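Take a look at the structure set out below.
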Protein chains: 2
Amino acid sequence: MRNLLLTLCFDGARYHGWQIQPNAVTVQEVLQNALVSVMQEKPNLKGCSRTDAGVHARMFCVSFHTQSRIPCGRLVDALNHFLPPDVAVQACREVPEDFHARYSCKGKQYVYQIWNAPVRSPFLYQRALHYWYPLDETQLNAAAAQYVGSHDFTSFCTLDKRESRNFTRKVTQAEVRRKGNLVCFSVSADGFLYNMVRILTGTLLYVAQGKIAPDAIPKIFASKDRTRAGPTAPPQGLYLNRVFYKEADLHAD
Amino acid sequence: MRNLLLTLCFDGARYHGWQIQPNAVTVQEVLQNALVSVMQEKPNLKGCSRTDAGVHARMFCVSFHTQSRIPCGRLVDALNHFLPPDVAVQACREVPEDFHARYSCKGKQYVYQIWNAPVRSPFLYQRALHYWYPLDETQLNAAAAQYVGSHDFTSFCTLDKRESRNFTRKVTQAEVRRKGNLVCFSVSADGFLYNMVRILTGTLLYVAQGKIAPDAIPKIFASKDRTRAGPTAPPQGLYLNRVFYKEADLHAD
C-alpha cells in the first residue's frame, strides 16, 4: 500500500472547517468525494489540523494509505477536475508508510489578515477582518514579539475536552507587518491550541485599543486565565500558511 | 441641486455589469436601491462606463444630481451600510453642475489578471483567468508596447450598434508584468471600445501560443479586420483600475 501526502490550498468561506461532520459541508468531505470519484476507493484521510469554519489555508496537508496505483501527477490533475473551484490540490508525493500528516507535523505558520481602512474591500469579503480604527503596526509588532518563546498558553486558548492537558507551546516567530491597508500578523509554533491564533490576534487588537497594556502580555501568560486575554478574533481573517515536516520523515530510508 | 461624484470599488462576479437591465442584477441597480434607502430619492445615475458581466472595478465613478443635503462623509457611511459586501463606496465629493462621470472622463486604466500556474488558485476564482501554459512576460511586454499610440482599433473591438463610428483611440500605456504566478496586463487610453481590453489580452495570449507573430500587431491594426486579432479573453480577469478626470473639471470656478 502506498502512503500519499497531498498539499491543498482552499478558500474556507463556504466550509465548516476541515473535519467531516453530519450537517455541514467540510473540506474533508469534498476531498473524500473527489477521491472516491478518481480512485473508486474511500481512504481514511488524516488532515494536518482541524480548522474552524470559515478559516482558509494557503497550505494544508493530508495523508492517506491507498491501494491505488495512479501516479502522483495524474492524481493531482484528476482531483482538481472533481474538486470545487475553492479547493485545489497543489501537489502529491509518496511518503514512508508511517508518515502521518498530523502526528509527523513539526510546526505550522498561521497568518491573520486585517483590512485596516475606513471602507471595506469588496475583494476581501470573508477573507480578512475589516478593522477601521487605524492600527500602529510598530506597536503591535513589539507586542507580538512577547509571544515568542516557550509559554503555557492556557490564557490564549478555548478549553476543549478533546485537547491534551499540556498547554505549553513553543512560538518561534510572531510578527506584525503592514502592506498598504493590509495588516498581517504571522505566527509560527511547534503546535497550536484551539482558537490560539484568533485569541493572540484579539489580544493584539485589545493592545491597539488601549484595553491591554503592551507589556501586560507576560502577566497574562502567568495568570493562566482566559479572561485576561483579548477576545477571539473572527475566523475569516485566518489562514493556515505553512506546515512543516522534518525532511527525513518525508523520505523512505 | 448638488452634483455628486461617487467613487466605487466592486467585485463583479455576481453582477451582470454596471448598467441596469430587466432580468439580471447589476451594480447600478444595487447602488440605486441603496440611494433610495438613504435619500428617499431615485437619482439618475451616470456611470463612467458600461462594464461587462463579471468584470471588476478597483475604481468606478458615478455622478448624479440630487436635492439631498446629506453631507458627503455621511453619505459614504450610509450607502456602505445598505450596499452588499461586494460593492463599496470609497469616496463622495461635490462637483460642478455640468460634470458627467462618463462625458467628463479623460481616460481610464484597465488591468487584466492572469493566474499563470499549473494549478488554479482558490483565492482567484472568478477574479483572474487561469492560464497554465507558462507565459514569457518579457515577450508579452514587448508585444503590448505595440498597442501604445493613436490607432484605429477596429480589429480589436466587438462591433456594437450603439458605438460611434470613430474607432481611433490613443493608448498611452500598455505593459505586462509578473509578480510570482500572477501576470498582469495594464493598459491606459483616452477611451476604450467594446471588448477592447479583452481582445487586446486575447491577442497577447495568441502571441504567447505562437499563433500570432509578435511583430504582426501593426498589420492587424492596418487590416481593420476583427478576425485577424486574438479571441476575446473571458471577463473574470478584467479590472477597471483607474478613471481619470481633469482636475479643473472637478472644481467649481
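Values in this document were obtained by computation on a predicted structure and should not be read as measured data. Chain A is the first sequence line, chain B the second, and so forth, proteins listed ahead of strands; every chain is numbered from 1.
- For NZ of B:Lys106, the number of neighbouring non-hydrogen atoms (other residues, nucleotides, ligands) closer than 6.0 Å is greater than 12.
- Panel note: side chain B:Arg120, backbone A:Asp86; no donor-acceptor pair is recorded below 3.5 Å.
- Looking at B:Val76, only its side chain comes within 4.5 Å of chain A, counting heavy atoms on both sides.
- With a 6.0 Å radius and a threshold of 12 heavy atoms from other residues, nucleotides or ligands, A:Arg178 has its CZ atom above the threshold.
- In B:Arg93, the CZ atom is crowded: over 12 heavy atoms of neighbouring residues, nucleotides or ligands sit closer than 6.0 Å.
- Remark: A:Arg177 CZ is loosely packed, at most 12 non-hydrogen atoms of other residues, nucleotides or ligands lying under 6.0 Å away.
- Residue with the most contacts toward chain A among B:Arg127, B:His130, B:Gln90: B:Arg127 (heavy-atom pairs, distance under 4.5 Å).
- Looking only at side-chain heavy atoms (C-beta outward), A:Tyr125 and B:Pro84 stay at 4.5 Å or farther from each other.
- A:Arg2 CZ: more than 12 foreign heavy atoms inside a 6.0 Å radius.
- The most heavy-atom pairs under 4.5 Å with chain A, out of B:Leu124, B:Val87, B:Val89, come from B:Val87.
- The heavy-atom pair separating B:Asp11 from A:Pro122 by the smallest distance is N-CB, 3.8 Å.
- Between B:Phe123 and A:Tyr239, the ring planes are tilted. Angles from 30° to 60° get that label.
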